[in-house]
Visitor: 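Quick one: this structure, given as structure tokens, is what I'll be asking you about.
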Amino acid sequence: MDLTAHEIEFRNQRRAHLETLKAAGHRPYGRAFERTGTLAEIRRDFAEGRGVRAAGRVVAVREMGKSTFAHLQDGSDRFQIYVQKNTLGDDAFAAFKAVDLGDFIGVEGELFTTRTGEPSLKVQSWELLAKALHPLPEKWHGLQDTEVRYRQRYLDLIANPDVRRVFDARSRILSFLRRFLESRGYLEVETPALQPIAGGAIATPFRTHYNALGQTMYLRIAPELYLKQLLVGGYDKVFELGKNFRNEGLDRSHNPEFTALEIYEAYGDVHTMRQLVEALVSGAAQDVFGTMVVGKDGQEPIDLTPPWRVAPYRDLVRERAGADWFEMSRDAAREWARAQELEIPDEMTHAQITHEVYEKLIEKTLIQPTFVTRLPAEWVPLAKRCEDDPTLVDVFELVVRGRELCPGYTELNDPIDQRARLEEQAAGDGSKLDEEFLRALEQGMPPAGGMGIGIDRLIMVLTGEESVRDVMLFPQMKNRSPLRAESPGESPNDLPAELPNA
RNA sequence: GGGACGGUAGCUCAGUAGGUAGAGCACGAGCCUUUUAAGCUUGUGGUCGCGGGUUCGAGCCCCGCCCGUCUCACCA
């Protein structure tokens, strides 16, 4: 790797500092350091003159001749330390000058308040815990380069406190979801991520090969079919919180691997699920942010206070496209849609045109939480039909800020209808039929409600972030230098039959 | 995949009309014992994303490519 003269200079200086510190008796990469507490705890329990031990990364240094101010940062806070020549002694003070921005150190001393009123720690002794060989990003503007922020997230986390806050919130939201569900008697389960048939959704899967069985495997696109087998097996209330993988495009609301929460409840239905998701999401906002109104400054605030709007799909379409929409001929519907600047191929059916109108003209206008209900059966093959209209299914799609957040429905438990609808969806390709799942349904699955929440999008709604990359610690990025070029025309799914073991 | 925009010092960014590349921070040296974007003096640091082309001369113009952001397409 080619280094610029400047990078070589940085490296040499820091290594020279490291040698200086070693000569002064420091271990360049220390061992456990017993702290009085985190920096936040030390601040909280501040008492003038109190003796404490603290540790953290040096993120700011202000040298003033025979004394130095610096800031330590740990996972909880940032705290000022004060290093004085006559407190520390000549040698320890001189060695401290070899501490660079970014180094981890441990310090021991007394708490005091500076003339300007900042709680500080007067250092009596200190030791090096880890030397940083690279400089820190700029202290005032932080790290701006989006590419570096995503590829080297640790720099982003060090330099940009707001980023840290988003991921702290993410963690607390996940924790709340688990606590909430467990407190209501739902059992967390784990089902295969490596599946022989990628079912439960319509999406292109990632394909791989399992050497021991000589068999093609897929990364799951959804856990749904396994969770339903647990209902067959007698579990009444289960959920799974985990990763799904879809071999599709990558944009600000899609990442090839993403987190989903799926919940199933025997003897429930679409209404059970609606109430559950309302309580779950509004509860998470209340628990983590102390309010049910969320969003960043400059955004339209989202009010998550239940109950949320319920809007049947056809009503929304009629509202936008006219009360007589569903009595219109296909030609008239096509003409109307094209007048709205939608691209409508001649062969599109009336139902497809309707769906295009919904997705392009209506969904994005649903900012506040809205349950879109009673969708056409062909869009949701695993849902049970409405009793009063077999062309519709008992589902909701929860839409917030114009984006689909969570589908939920009364699960289809009729194995005969289920087979027919999966066959229709597979369009004659029998290899896509999950016979194991159908066999399980034939064993008898209790009536049930189920739903799946896109957790990354939920975090986006709750934190006000507009890109999924800003709520995932390590979003997918293209390799900077591919190990080997893909041969032209080779599909990413075409793998050699045998892969060497790593 | 299409379109728009971007990639200049370790970081954040300027760069006029095509005329030998700048600032702040960081870093080095000097001064400074209550500073906090510390301050003052001074210095180092650049394959201008990569590869071609036009030109006497390219960070700037042209072509190709790489990476990223947004957007459209795709997408339960």
Side-chain angles (χ1 to χ4, degrees), chain A residues 2-14 16-17 59-71 78-88 93 97 100-102 112-120 122 132-152 155 158-160 200-204 221-222 224 244 246-254 256 260 343 355 359-360 363 372 375 378-383 395 397-399 403-409 425 451-452 454 457 466-467 469-470 475 477-482 485:
Chain A
D2 291 336
L3 296 177
T4 66
H6 212 153
E7 283 171 318
I8 291 167
E9 186 193 337
F10 277 130
R11 191 191 57 187
N12 290 345
Q13 278 165 6
R14 283 179 182 252
H17 282 164
V59 291
V61 176
R62 295 174 293 282
E63 286 191 24
M64 302 184 50
K66 296 184 179 64
S67 69
T68 297
F69 284 96
H71 269 97
R78 207 176 244 242
F79 199 81
Q80 178 167 270
I81 62 171
Y82 182 49
V83 180
Q84 247 180 342
K85 189 171 187 178
N86 60 2
T87 310
L88 217 53
F93 186 76
K97 288 195 180 300
D100 293 307
L101 276 184
F112 76 109
T113 308
T114 65
R115 211 154 57 185
T116 54
E118 176 154 354
S120 303
K122 185 177 288 185
L133 297 177
H134 298 292
L136 248 31
E138 212 253 1
K139 65 181 172 187
W140 188 242
H141 300 93
L143 182 64
Q144 299 298 325
D145 187 311
T146 48
E147 190 174 347
V148 178
R149 287 186 46 224
Y150 298 147
R151 286 187 195 277
Q152 293 172 264
L155 292 178
I158 294 168
N160 301 325
I202 301 163
T204 309
I221 56 177
E224 175 157 354
N244 291 339
R246 296 186 184 179
N247 203 340
E248 284 167 4
L250 201 140
D251 62 34
R252 64 204 289 245
S253 54
H254 294 86
E343 273 188 44
H355 210 58
E359 290 199 327
K360 293 287 155 43
E363 193 173 51
V372 179
L375 269 73
E378 57 266 39
W379 305 132
V380 195
L382 298 167
V395 312
E397 277 192 2
L398 172 59
V399 180
R403 258 194 295 265
E404 186 193 328
L405 195 65
C406 166
Y409 38 91
Q425 183 189 297
M451 66 178 169
R457 293 182 182 183
E466 311 223 5
S467 171
R469 296 183 195 99
D470 291 320
M477 300 290 276
K478 189 159 182 171
N479 250 342
R480 270 195 154 286
S481 46

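Chain A is the first sequence line, chain B the second, and so forth, proteins listed ahead of strands; every chain is numbered from 1. Only heavy atoms go into these numbers, but all of them, side chains included; no hydrogens, no water, no symmetry mates.
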Visitor: Which nucleotide, B:A26, B:G28, B:C11, lies nearest any side-chain atom of A:His17?
Guide: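 Looking only at side-chain atoms, A:His17 lies closest to B:G28.
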
Visitor: Give each protein N/O atom lying under 3.5 Å from an N/O atom of nucleotides 30-33 of chain B, with the pair distance.
Guide:
unit_1, atom_1, unit_2, atom_2, d
B:C32, N3, A:Gly65, N, 3.1
B:C32, N4, A:Gly65, N, 3.2
B:U33, OP2, A:Lys66, N, 3.2
B:U33, O4', A:Ser67, OG, 3.2
B:U33, O2, A:Gln84, NE2, 2.5
B:U33, O4, A:Asn86, ND2, 3.3

Visitor: Would you mind classifying the nucleic acid contact of A:Gly142 as base, sugar-phosphate or nothing, using non-hydrogen atoms under 4.0 angstrom?
Guide: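 Answer is sugar-phosphate: A:Gly142 comes under 4.0 Å of backbone atoms only.
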
Visitor: State the CD1-CD distance between A:Ile221 and A:Glu248, to the nearest 0.5 angstrom.
Guide: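 Result: 8.5 Å between the selected atoms.
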
Visitor: Is there a donor and acceptor pair closer than 3.5 Å between the side chain of A:His141 and the base of B:C11?
Guide: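 A donor-acceptor contact between them is absent.
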
Visitor: Which nucleotide wins on minimum distance to the side chain of A:Pro137, given the candidates B:U12, B:C11, B:C70?
Guide: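 Closest nucleotide among those given: B:C11.
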
Visitor: I'd like the C1' distance from B:U41 over to B:U47, given in whole Å.
Guide: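 The same atom, C1', in both gives a distance of 33 Å.
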
Visitor: Distance check, P atoms only: B:C61 and B:A4, in whole angstrom units.
Guide: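 Those two atoms are separated by 15 Å.
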
Visitor: Is A:Arg14 near enough to B:C27 that one of its side-chain N or O atoms lies under 4.0 angstrom from OP1 or OP2?
Guide: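 No, A:Arg14 has no side-chain N/O under 4.0 Å of OP1/OP2 on B:C27.
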
Visitor: Would you mind telling me which residue lines up with the more 5' stretch of RNA chain B, A:Lys122 or A:Glu248, judged by nearest nucleotide?
Guide: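 Its nearest nucleotide lies further toward 5', so the answer is A:Lys122.
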
Visitor: Need to verify one output field. Residue with the more 5' nearest nucleotide on RNA chain B, A:Tyr409 or A:Thr113?
Guide: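 Counting from the 5' end, the first nearest nucleotide belongs to A:Thr113.
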
Visitor: Base, sugar-phosphate alone, or nothing: which one does A:Leu101 contact when heavy atoms must sit under 4.0 Å apart?
Guide: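 Touches sugar-phosphate only.
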
Visitor: Roughly how far apart, to the nearest Å, are B:G53 and B:U16 at atom P?
Guide: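 Result for the P pair: 25 Å, nearest Å.
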
Visitor: For B:G1, what is the paired nucleotide under Watson-Crick or G-U wobble rules, both distances under 3.5 Å?
Guide: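 Answer to the pairing question: B:C72, which forms a Watson-Crick or G-U pair with B:G1.
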
Visitor: What interatomic distance, in whole Å, is found between P of B:G3 and the corresponding atom of B:A73?
Guide: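 Each nucleotide's P atom is 15 Å from the other's.
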
Visitor: Measuring from the side chain of A:Gln80 (C-beta onward, heavy atoms only), which nucleotide among B:U69, B:A76, B:U35 has the closest atom?
Guide: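 Of the candidates, B:U35 comes closest.
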
Visitor: How would you label the contact of A:Glu224 with the nucleic acid (heavy atoms, under 4.0 Å): base, sugar-phosphate, or nothing?
Guide: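 Base, at least one base heavy atom under 4.0 Å.
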
Visitor: So what does A:His71 hit on the nucleic acid, given a heavy-atom distance under 4.0 Å: a base, only sugar-phosphate, or nothing?
Guide: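 Base contact.
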
Visitor: Between B:U44 and B:G28, how far apart are the P atoms? Round to whole Å, please.
Guide: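 The answer is 15 Å between these two P atoms.
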
Visitor: Which whole number of Å gives the distance between the P atom of B:C11 and that of B:G46?
Guide: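 Nearest-Å result for B:C11 against B:G46 at atom P: 14 Å.
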
Visitor: Mind listing the N/O atom pairs, protein and nucleotides 40-46 of chain B, below 3.5 Å?
Guide:
unit_1, atom_1, unit_2, atom_2, d
B:G45, O2', A:His6, ND1, 2.7

Visitor: For A:His355, which contact category applies under a 4.0 Å heavy-atom criterion: base, sugar-phosphate, or nothing?
Guide: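 Nothing, no nucleic acid heavy atom in range.
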
Visitor: So what's B:G6 paired with, Watson-Crick or G-U wobble, going by both distances under 3.5 Å?
Guide: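 In the structure as shown, B:G6 has B:C67 as its Watson-Crick or wobble partner.
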
Visitor: Taking the side chain of A:Thr146 as heavy atoms from C-beta outward, which of B:G68, B:C75, B:A26 is closest to it?
Guide: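 In terms of side-chain proximity for A:Thr146, the closest of B:G68, B:C75, B:A26 is B:G68.
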
Visitor: Name the nucleic acid region contacted by A:Glu118, choosing base, sugar-phosphate or nothing; use a 4.0 angstrom heavy-atom cut-off, strictly under.
Guide: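 Contact class for A:Glu118: base.
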
Visitor: Where the side chain of A:Glu138 meets the backbone of A:Trp140, is there a donor-acceptor pair that is under 3.5 Å apart?
Guide: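 The answer is yes, because a donor-acceptor pair under 3.5 Å joins these two groups.
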
Visitor: Would you mind telling me which of B:G10, B:U35, B:C27 lies closest to the side-chain atoms of A:Pro135?
Guide: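 Closest nucleotide to the A:Pro135 side chain: B:G10.
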
Visitor: Using the P atoms only, state how far B:C50 lies from B:A58, rounded to an integer number of Å.
Guide: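 Approximately 15 Å lies between the P atom of B:A58 and that of B:C50.
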
Visitor: If you look at every strand shown and take non-hydrogen atoms under 4.0 Å, does A:Arg469 touch a base, only sugar-phosphate, or nothing?
Guide: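 Sugar-phosphate: the residue A:Arg469, judged by heavy atoms under 4.0 Å, touches backbone atoms but no base.
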
Visitor: Less than 4.0 angstrom between a side-chain N/O of A:Arg115 and OP1 or OP2 of B:U35, yes or no?
Guide: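 Looking at the OP1 and OP2 atoms of B:U35, one of them is under 4.0 Å from a side-chain N or O of A:Arg115.
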
Visitor: B:U69 phosphate, OP1 or OP2: any side-chain N/O from A:Arg252 under 4.0 angstrom?
Guide: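 Answer no for this pair, as no side-chain N or O of A:Arg252 is under 4.0 Å from OP1 or OP2.
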
Visitor: Taking any heavy-atom pair under 4.0 Å as a contact, classify A:Phe112: base, sugar-phosphate, or nothing.
Guide: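 It contacts base atoms.
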
Visitor: Among B:U35, B:U12, B:C70, which is the nearest nucleotide to the side chain of A:Leu143?
Guide: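 Output: B:U12.
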
Visitor: Roughly how many Å apart are B:A23 and B:A14, using the P atom of each and rounding to a whole number?
Guide: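 Here B:A14 and B:A23 have their P atoms 16 Å from each other.
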
Visitor: Taking a pair as Watson-Crick or G-U wobble with both distances under 3.5 Å, which nucleotide is matched to B:A29?
Guide: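 Partner of B:A29: B:U41.
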
